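Below is one structure, written out as structure tokens; comments come after it.
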Amino acid sequence: MKKTAIENIEITLLLDAIFERYGYDFRHYSRASIERRVRHFLSKSECDSISGMIPKLLHDESFFDIFVRDFSITVTDMFRDPFVYQSIRKNVVPILKTHPFVKVWHAGCATGEEAYSLAIILKEEGIYDKTTLFATDFNDGALDAAKKGIYALENAKKFTANYQAAGGTTSFSEYYHARYEAMALNQSLGKNITFANHNLVTDTIFGEMHLIMCRNVLIYFEKALQNRVLNLFSDSLVNGGILCLGTKESLMFSTISKLFAPMDENARLYQKKVL
Amino acid sequence: MTKNGYKAIVIGISAGGLAALSKLFSFLPNGFPLPVIVVQHVAATSNRFIYTLFNNKCRLTIKEADDKEEIQAGFIYFAPPDYHLLIERDETFSLSIDAKVNHSRPSIDVLFESAVYVWSSGLIGILMTGANSDGAHGMRLIKEHGGLIIAQDPKTAEYPVMPQSAIDTARVDKILSIEGIGEWLRDDLVHLTRDVKNESRSG
């Protein structure tokens with residue numbers, strides 16, 4: 001048997017072991033990214049094979065903690081895809097304004113850049129004070145970073161350009177102060193954000209939301225799991241609520257496509273129909 | 001797939017890539033038997049217009065790779081800006097926003113490495129003009145798994161660092177100009193004789 005085929009078996013066993021032992025279910029993630037991350041973790045560990053990591057993961061909880069924190073961190077920018085935020089201003093904000101209070105769920109917030117971006121948009125549009133923004137991720141390491149809202153200063157130039165392209169109404173420097181090599185976002189931006197642990201694969205619906213943002217999370221899932229999560233979003237939205245996906249993700253071929261109408265297909269904004 | 005067991009071509013390219021690819025693609029004939037998958041380093045904010053520019057000069061269909069899309073011959077796929085592009089074992093694409101690799105997203109190494117695990121010795125890797133060494137490791141991996149690797153002749157590359165790093169890192173099979181690569185793909189690839197007995201087991 002080829003080495004790559006044996007490695008495939010090892011990874012399947014490793015994912016099964018993690019699920020049985022800790023309940024984290026990576027079995028239906030897109031496999032290629034998982035394999036890359038497992039190989040990367042192996043190269044940094046002291047183990048000499050993927051199957052060799054299994055006993056350690058089963059018996060050593062602190063080793064698993066390191067694994068899961070290292071394993072799943074994605075990297076995004078503030079105002080990634082500025083045109084999406086522009087479209088949110090133009091198409092979504094007017095709808096949110098009609099509600100006495102606004103509930104937003106940012107699912108898979110990673111280290112928080114895009115949750116704070118949305119907070120800035122809502123602030124500039126005058127609706128942040130009546131908004132509760134739930135930003136969730138299953139990775140506690142990412143959530144810790146998100147709560148702090150401190151990013152590498154080398155990002156400031158890119159974030160500023162994105163902010164301007166997203167239609168920012170003031171100067172981006174109003175929202176952070178630079179300290180040493182870091183940019184710290186104003187604490188006030190996090191005032192109405194609740195960062196919480198939620199696992200899209202194993203946890204259930206999350207309140208009656210007016211807007212759900214989940215960008216570049218579904219690309220990590222196999223088709224069946226994508227559908228499960230999209231149904232979770234559909235069930236978590238009020239009628240007329242809005243779903244925002246990543247620019248390479250779509251509702252088009254999912255089981256919930258009929259329940260939604262495209263609001264801005266380019267920005268991947270969909271509105272749940274009133275039935 | 002070709003009769004001699006090749007299943008896919010992956011191309012890595014960076015600075016100077018626009019002109020080089022435009023020239024290379026003009027050689028590929030109708031009915032070209034393999035899918036072509038390209039990682040070109042581009043700015044995260046770049047739009048997709050550049051790919052359609054190539055479409056006028058090329059007989060194959062050029063498109064940006066979509067998540068979970070089935071990979072087919074007759075197409076040239078590009079990694080979307082600011083996403084890594086990976087190959088699944090069922091010959092579909094996956095995208096990721098994992099951290100940059102070699103300061104790049106998309107990264108050539110990420111594509112090449114994941115493609116090796118799917119196509120092993122059925123893979124052809126090509127590394128062309130560029131000003132950094134992303135892709136060199138992936139080229140070596142392709143060679144180690146029995147695939148075929150081609151570097152653009154650094155003397156003919158607008159930016160020689162990238163193809164030179166492949167030559168320094170891996171035992172490349174061919175070092176050719178852009179026209180040389182184009183002619184080899186058009187005329188020689190399907191006639192190349194090789195032992196493909198071990199091929200059938202990789203599936």
Side-chain angles (χ1 to χ4, degrees), chain A residues 1-8 11-12 29-40 70-77 79-83 108 110-111 113-114 154 158 161-162 164-166 215-227 245-250 252-254 266, chain B residues 43-48 64-71 78-101 103-107 109-123 137-138 141 144-146 198-203:
Chain A
M1 191 183 260
K2 283 197 159 199
K3 233 172 102 182
T4 53
I6 295 170
E7 192 199 78
N8 196 23
I11 291 174
T12 301
Y29 274 51
S30 295
R31 190 67 179 222
S33 283
I34 288 283
E35 290 180 8
R36 191 177 165 81
R37 288 167 166 189
V38 169
R39 276 184 219 116
H40 182 70
D70 174 274
F71 188 62
S72 55
I73 291 201
T74 58
V75 181
T76 185
D77 295 323
F79 301 98
R80 181 186 166 114
D81 308 316
F83 67 94
T111 40
E113 289 87 340
E114 295 196 54
E154 62 183 33
K158 182 165 56 173
N162 282 355
Q164 284 161 352
R215 294 175 18 90
N216 299 312
V217 174
L218 295 178
I219 50 174
Y220 286 96
F221 299 160
E222 287 176 357
K223 272 233 167 84
L225 182 55
Q226 287 183 349
N227 268 319
L245 301 176
T247 53
K248 296 299 286 180
E249 297 163 335
S250 175
M252 219 153 41
F253 305 108
S254 77
N266 200 26
Chain B
T45 49
S46 74
N47 66 35
R48 286 131 198 189
E64 197 170 87
D66 281 317
D67 184 47
K68 309 289 178 287
E69 180 178 10
E70 194 187 326
I71 299 166
F78 276 78
D82 212 12
Y83 288 90
H84 290 304
L85 179 63
L86 300 99
I87 313 295
E88 297 288 343
R89 282 171 207 268
D90 62 358
E91 303 196 359
T92 58
F93 289 117
S94 276
L95 302 173
S96 100
I97 56 162
D98 281 7
K100 290 180 175 182
V101 173
H103 309 290
S104 305
R105 189 170 71 193
S107 151
D109 273 341
V110 170
L111 170 68
F112 282 18
E113 286 171 35
S114 77
V116 164
Y117 288 98
V118 176
W119 288 306
S120 67
S121 64
L123 187 62
H137 174 74
L141 211 59
E144 282 169 8
H145 283 77
N198 297 325
E199 210 50 38
S200 52
R201 296 185 60 185
S202 68

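A quick note: this is a predicted structure, and the numbers were derived from the prediction, not measured. Numbered from 1 within each chain, the chains take letters A, B, ... in sequence-line order.
With a threshold of 4.5 angstrom between heavy atoms, A:Tyr29 does not approach chain B through any atom at all. The part of B:Ser94 that comes within reach of chain A is its side chain, from C-beta onward, which places non-hydrogen atoms under 4.5 angstrom from that chain. Heavy atoms closer than 4.5 Å to chain B are found in the side chain of A:Arg36, but not in its backbone. Proximity to chain A is absent for every atom of B:Val116, based on heavy atoms less than 4.5 angstrom apart. Only the backbone of A:Glu222 has a heavy atom closer than 4.5 Å to any heavy atom of chain B. There is no contact between B:His84 and chain A, counting heavy-atom distances below 4.5 Å.
With no hydrogens or angles considered, a side-chain donor-acceptor pair links B:Asp90 and B:Thr92 at under 3.5 Å.
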Requested in this report: Step by step, work out the salt bridge (Lys or Arg N to Asp or Glu O under 4.0 Å) result for A:Arg39 and A:Glu35.
Outcome: CA-CA 6 Å; A:Arg39 276 184 219 116; A:Glu35 290 180 8; 3.1 Å; yes

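For the pair B:Asp98/A:His40, no side-chain contact is recorded, criterion being any heavy-atom separation below 4.5 Å from C-beta on. For the pair B:Glu69/B:Leu95, no side-chain contact is recorded, criterion being any heavy-atom separation below 4.5 Å from C-beta on. Between B:Asp67 and B:Tyr83 the shortest side-chain heavy-atom distance does not fall below 4.5 Å.
Listed options A:Thr4, A:Thr76, A:Asn216, A:Leu218 were ranked by heavy-atom pairs under 4.5 angstrom with chain B; first place goes to A:Asn216.
Applying the salt bridge (Lys or Arg N to Asp or Glu O under 4.0 Å) test to A:Asp70 and every residue at least two apart in sequence or in another chain returns A:Lys44.
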